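One structure is given below, represented as structure tokens, and several questions about it will come after.
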Protein chains: 2
Amino acid sequence: MAKKKKSSNTSLTDQLRVPKGKVDLSDLDPRATPGYPGNGKKDAAERTLSLQPELSDLQERLYAAGRAGDPDAKRVLVILQGMDTSGKGGVIRHAIGMVDPQGVQLKAFKAPTAAEKRHDYLWRIRKAVPSPGMIGIFDRSQYEDVLTVRVNKMVPAATWRKRFAEINAFESELVDQGTTVIKCFLHVSRDKQKERLAERLADPEKYWKYNPGDVDERVKWDAYQTAYADVLTRCNTEAAPWFVIPSDRKWYRNWAVAQLLTEHLRALDLGWPEADFDVEAEKERLAQS
Amino acid sequence: MAKKKKSSNTSLTDQLRVPKGKVDLSDLDPRATPGYPGNGKKDAAERTLSLQPELSDLQERLYAAGRAGDPDAKRVLVILQGMDTSGKGGVIRHAIGMVDPQGVQLKAFKAPTAAEKRHDYLWRIRKAVPSPGMIGIFDRSQYEDVLTVRVNKMVPAATWRKRFAEINAFESELVDQGTTVIKCFLHVSRDKQKERLAERLADPEKYWKYNPGDVDERVKWDAYQTAYADVLTRCNTEAAPWFVIPSDRKWYRNWAVAQLLTEHLRALDLGWPEADFDVEAEKERLAQS
């Protein structure tokens with residue numbers, strides 16, 4: 001196991017946070033590896049794994065507060081967005097997979113069901129927010145309602161335009177309630193997406209990961225990039241900022257999300273819950289049992 | 001990473017399966033380590049981890065079939081039962097934690113809520129069974145309705161006695177539907193339980209894991225052992241047999257459940273789903289996109 005690395009002056013959180021103002025995705029290099037302290041792909045898996053002891057400890061503190069019934073117990077919500085093949089699944093497998101599954105509430109948002117469509121778009125989202133002490137993971141999220149819904153003209157422009165403010169208000173409410181919201185845009189290049197889709201078509205063991213609809217969406221690439229740039233510009237709030245994770249290199253992407261999650265948990269400065277029983281009396285009872 | 005171990009003549013599945021007939025728990029040593037191929041605690045963590053590549057591959061095949069919409073897609077359900085401190089949580093963290101969280105549906109059954117109590121005891125259980133392609137994990141289960149419910153006299157004896165047959169019928173239905181049911185009794189000794197509870201009382205970082213109710217249940221140890229022996233005798237069906245996991249040694253317990261799960265997945269002989277699209281046509285579409 002690698003030694004705990006010295007904290008550098010700049011956290012990854014600071015380096016990946018989207019600056020205030022208008023975002024132009026073409027300014028952001030999907031192949032970049034900002035803040036990576038190691039030697040590239042060679043040691044990335046090991047470096048990611050070396051985060052596990054601290055991540056486990058922090059997650060257990062979070063979970064303990066939730067279990068102990070603390071009404072102020074914190075929650076964490078990681079939102080993963082990105083084009084097809086950007087690696088939402090890979091991040092869940094390799095980064096979130098390092099966390100005790102008992103402390104994780106994972107929710108993948110697909111196209112809404114008939115029942116979900118009868119409600120406001122945030123209805124199903126609200127039902128899935130993490131409980132006290134839990135780390136929630138959203139694989140896609142409310143942002144699809146200003147992304148695919150916009151690009152595919154599923155509602156009038158006046159409708160999706162109002163949603164930026166609605167989403168900001170919703171997230172602000174979560175934050176006020178004690179939820180740390182970590183919004184990750186997995187930024188993949190158009191060429192890399194083509195390469196990854198081609199890999200799926202080249203290997204019968206990966207056919208199941210391929211969907212002809214992926215190419216239908218791919219041809220709308222520019223419209224999606226515009227929609228993402230608007231999301232990163234208009235929903236990049238102080239309470240719940242966006243992070244851009246360069247994702248052409250899987251090893252960097254996985255490390256970066258694990259590191260971001262670790263830094264955010266660390267910042268919560270979590271202790272351990274106090275006993276809500278008389279410790280000495282319980283020792284006595286146990287001894288006699 | 002350790003090399004894949006040669007398969008021995010006897011699978012762990014065969015070694016841990018409860019033989020037909022009346023079970024006497026005092027015949028079963030909670031400190032035993034049947035089938036463990038290594039060198040005790042020293043190499044257990046590494047041996048458990050060395051199962052991960054095969055376990056991951058098998059789980060992905062299971063998941064792929066579920067995703068591909070195969071109506072015959074298999075499901076797996078691991079049921080974890082055992083006295084307090086037997087390590088249900090530890091198994092989830094260390095053994096199930098090796099599996100991609102996207103393929104796992106974890107459900108912990110606590111005391112039923114007011115809403116749940118208005119329904120038949122299997123109502124909430126049925127709602128939580130795994131979807132096609134998924135590995136379901138039950139942390140406690142329908143068996144609490146013939147264990148704690150019996151020991152604490154929460155229903156008349158005539159009621160819980162009927163449940164053995166009901167549970168057998170329910171599980172047989174799951175199996176007929178394509179679910180592999182792996183029922184694990186984590187067998188811990190009375191002394192080891194005392195030791196583990198004492199550890200929680202000795203360490204302020206573990207207070208949150210302690211509940212004074214644990215001692216209330218501990219004093220009913222013999223009644224629980226009788227109730228468990230009945231479960232292992234009366235619900236040990238051909239379709240869904242019981243496995244006893246000696247659990248005084250955590251390292252053995254975690255390895256054993258991971259190994260059992262691997263053997264059961266292996267036995268499903270899972271392939272990869274065929275493409276439900278024209279591969280060559282899609283290659284062409286992708287090339288032009």
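Here the structure is a predicted model, which means the values were calculated and not measured. Within every chain, numbering begins at 1; the chains are lettered A, B, ... in the order of the sequence lines, protein sequences first and strands thereafter.
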Closest heavy-atom pair, B:P130 versus B:I135, reported as atoms and distance to 0.1 Å, is CB-C, 4.4 Å
If one checks every heavy atom of B:P101 against chain A at 4.5 Å, the contacting part turns out to be both
Taking every heavy atom of B:N254 against every heavy atom of B:A95, the minimum-distance pair comes out as O-CB, 3.7 Å
Cut-off 4.5 Å, heavy atoms of chain B, and the answer for A:A287 is backbone
Handout entry: Worked check of salt bridge (Lys or Arg N to Asp or Glu O under 4.0 Å) between A:D214 and A:R218
Key = CA-CA 6 Å; A:D214 297 346; A:R218 175 173 167 76; over 6 Å; no
So, the part of A:L197 with a heavy atom under 4.5 Å from chain B: the answer is both
Counting heavy-atom pairs under 4.5 Å with chain B, the top scorer among A:A65, A:P212, A:A68, A:S56 is A:P212
Bottom line for B:K206: the part with an atom under 4.5 Å from chain A's heavy atoms is neither
N/O donor-acceptor pair under 3.5 Å between B:D203 side chain and B:E199 backbone | no
When the 4.5 angstrom heavy-atom criterion is applied to B:R93 and chain A, the contacting part is both
Pair count under 4.5 Å, heavy atoms only, with chain B: among A:W208, A:Y63, A:Y207, highest is A:W208
Honestly, the part of A:P204 sitting under 4.5 Å from a heavy atom of chain B is backbone
- Query: Counting only heavy atoms not in B:K41, do more than 12 sit closer than 6.0 Å to its NZ atom?
  - Reply: no
Bottom line for B:A108: the part with an atom under 4.5 Å from chain A's heavy atoms is neither
Checked A:V219, A:I137, A:D278, A:L201 vs chain B; the most non-hydrogen pairs under 4.5 Å come from A:L201
Applying a strict 4.5 Å limit to non-hydrogen atoms, the region of B:L286 in contact with chain A is both
Honestly, the part of B:D216 sitting under 4.5 Å from a heavy atom of chain A is both
Please table the atom pairs, donor to acceptor, closer than 3.5 Å between any side-chain atom in residues 85-92 of chain B and protein atoms at least two apart or in another chain.
from  : atom 1 : to    : atom 2 : distance (Å)
B:S86 : OG     : B:M83 : O      : 2.7
B:K88 : NZ     : B:G82 : O      : 2.9

Bottom line for B:R285: the part with an atom under 4.5 Å from chain A's heavy atoms is both
Side chain B:R124, main chain B:E116, donor-acceptor under 3.5 Å
no
So, the part of B:V104 with a heavy atom under 4.5 Å from chain A: the answer is neither
Interface check, chain B: of A:K283, A:Q288, A:R61, most non-hydrogen pairs under 4.5 Å belong to A:K283
More than 12 non-hydrogen atoms from neighbouring residues, nucleotides or ligands closer than 6.0 Å to NZ on B:K192, yes or no? yes
Next on the checklist: Taking CD in A:E274 as the centre, count heavy atoms belonging to other residues, nucleotides or ligands within less than 6.0 Å. Is the count above 12?
Outcome noted: no
Closest heavy-atom pair, A:A128 versus A:F109, reported as atoms and distance to 0.1 Å, is CB-CZ, 3.8 Å
Cut-off 4.5 Å, heavy atoms of chain A, and the answer for B:D139 is side chain
